[in-house]
Amino acid sequence: MKSCHELYAELEYWNQYSAKNFSSSILKRGKINQIKHQILQQIDVSKDKDTILKITDSSQ
């Protein structure tokens, strides 16, 4: 399994990728969705609770 740093680097690549045609556009969207899914699989909601709350709650 890839590390989060590797996944975010790959996500950055695909976000910047310029699709030349319709099939490339579909590939780009699929890759972005796949990487986002892999990142979400690595997040443990109960273990990372404090970090998630700090990120999502700007009132603290």
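Nothing fancy with the numbering, it's 1 onward along the sequence.
- Annotation for Tyr8: atom OH does not count as buried by contact number, only 12 or fewer foreign heavy atoms lying within 6.0 Å.
- If you check the side chains of Glu12 and Gln16, you find a donor sitting under 3.5 Å from an acceptor.
- Heavy atoms only, all atoms of each residue included: Ser46 and Asp44 are closest at OG-OD1, 3.0 Å.
- Between Gln42 and Cys4, the shortest heavy-atom contact is OE1-SG, 2.9 Å.
- Taken to the nearest 0.5 Å, the NZ atom of Lys54 stands 12.5 Å off from the NZ atom of Lys49.
- The distance from atom OG of Ser23 to atom NZ of Lys28, rounded to the nearest 0.5 Å, is 13.5 Å.
- Rounded to the nearest 0.5 Å, atoms CH2 (Trp14) and CD1 (Ile35) are 7.5 Å apart.
- Considering Ile52, Leu53, Thr51 as possible partners of Ile55, the one that fulfils the side chain to side chain contact (heavy atoms under 4.5 Å, CB included) test is Thr51.
- Side-chain contact between His37 and Gln34: absent, with no pair of heavy atoms (C-beta onward) separated by less than 4.5 Å.
- With sequence neighbours excluded, the residues satisfying salt bridge (charged side-chain N to carboxylate O under 4.0 Å, His left out) with Lys2 are Glu10.
- Annotation: the span from Ile32 atom CD1 to Leu11 atom CG amounts to 6.5 Å, rounded to 0.5 Å.
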Start with the C-alpha distance between Leu7 and Lys36, add both sets of side-chain angles, then the distance that settles side-chain contact (heavy atoms from CB on, under 4.5 Å), and finish with yes or no.
-> CA-CA 8 Å; Leu7 290 170; Lys36 284 181 178 180; over 6 Å; no

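- Within the hydrophobic cluster formed by Ile, Leu, Val, Met, Phe, Trp and Tyr side chains joined at under 4.5 Å, directly or through other members, Phe22 is accompanied by Ile26.
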